[in-house]
Student: 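The structure's right below; bear with me while I get my questions together.
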Amino acid sequence: MADLANCVRCGKVFVKQIRDVCRDCYKEEEAAFQIVYDFLRKQINREATLIEVVEATGVDEALITKFIKENRLRTTMFPKLGYPCEKCRTPITSGKLCMNCAEELKHDLDRVEQLEKITERNKLLSDDKKQIYYTIDKHRR
Ligand SMILES: [Zn+2]
Ligand SMILES: [Zn+2]
């Protein structure tokens, strides 16, 4: 059975293969990529930022971001081509968060984990206590 899906760009139902967009949108994306790539390939545009590329080519920021994430536009070649961190908007070239925000997030996660450990320990402790009371009760009888 063919795997049917909705195109993430136009919503049209299509047979899903490796892409998440339909054939028409794929063609459009490829054309857009070509425009962006042609623009960036020129020596003078090598250091263009994402916003500058959007303005110069008219291609959607989200689409260019997708190309960067897919590594089709390499930030080693185009050093200024970062997209904003989802938290603080600092330009980044991989993932969703900048180094700082990623570090912060990790910190938060560590704290949550520690809290969970403490809660777990307290639970165990109170179970122990119950055990003790039970034993004492038995002795009294
Ligand atoms: Zn489509
Ligand atoms: Zn950030």
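Quantities reported herein were computed from a predicted structural model and do not represent experimental measurements. Counting starts at 1 for both ligands and their atoms, following the listed order.
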Student: Which angle, to the nearest 10 degrees, do you find at the Zn ion (ligand 1) between SG in Cys10 and SG in Cys7?
Tutor: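 The SG/SG angle about the Zn ion (ligand 1) sits at 110°.
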
Student: To the nearest 10°, how many degrees is the angle Cys101 SG to the Zn ion (ligand 2) to Cys98 SG?
Tutor: 100°

Student: Using a strict threshold of under 4.0 Å (side-chain N to carboxylate O), is an ion pair present between Asp110 and Lys106?
Tutor: yes

Student: What is the SG(Cys85)-the Zn ion (ligand 2)-SG(Cys88) angle, to the nearest 10 degrees?
Tutor: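 Computed angle, vertex at the Zn ion (ligand 2), rounded to 10 degrees: 110°.
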
Student: With rounding to the nearest 0.5 angstrom, report the CD1 to OH distance, Ile92 to Tyr83.
Tutor: 4.5 Å

Student: Does Arg72 count as lying over the ring of Phe33, i.e. NZ or CZ under 6.0 Å from the six-ring centre, within 45 degrees of the axis?
Tutor: yes

Student: Does this structure show an ion pair linking Lys87 with Glu104, if we count only N-O contacts that are shorter than 4.0 Å?
Tutor: yes

Student: Can you give the angle Cys22 SG - the Zn ion (ligand 1) - Cys25 SG, rounded to 10°?
Tutor: 110°

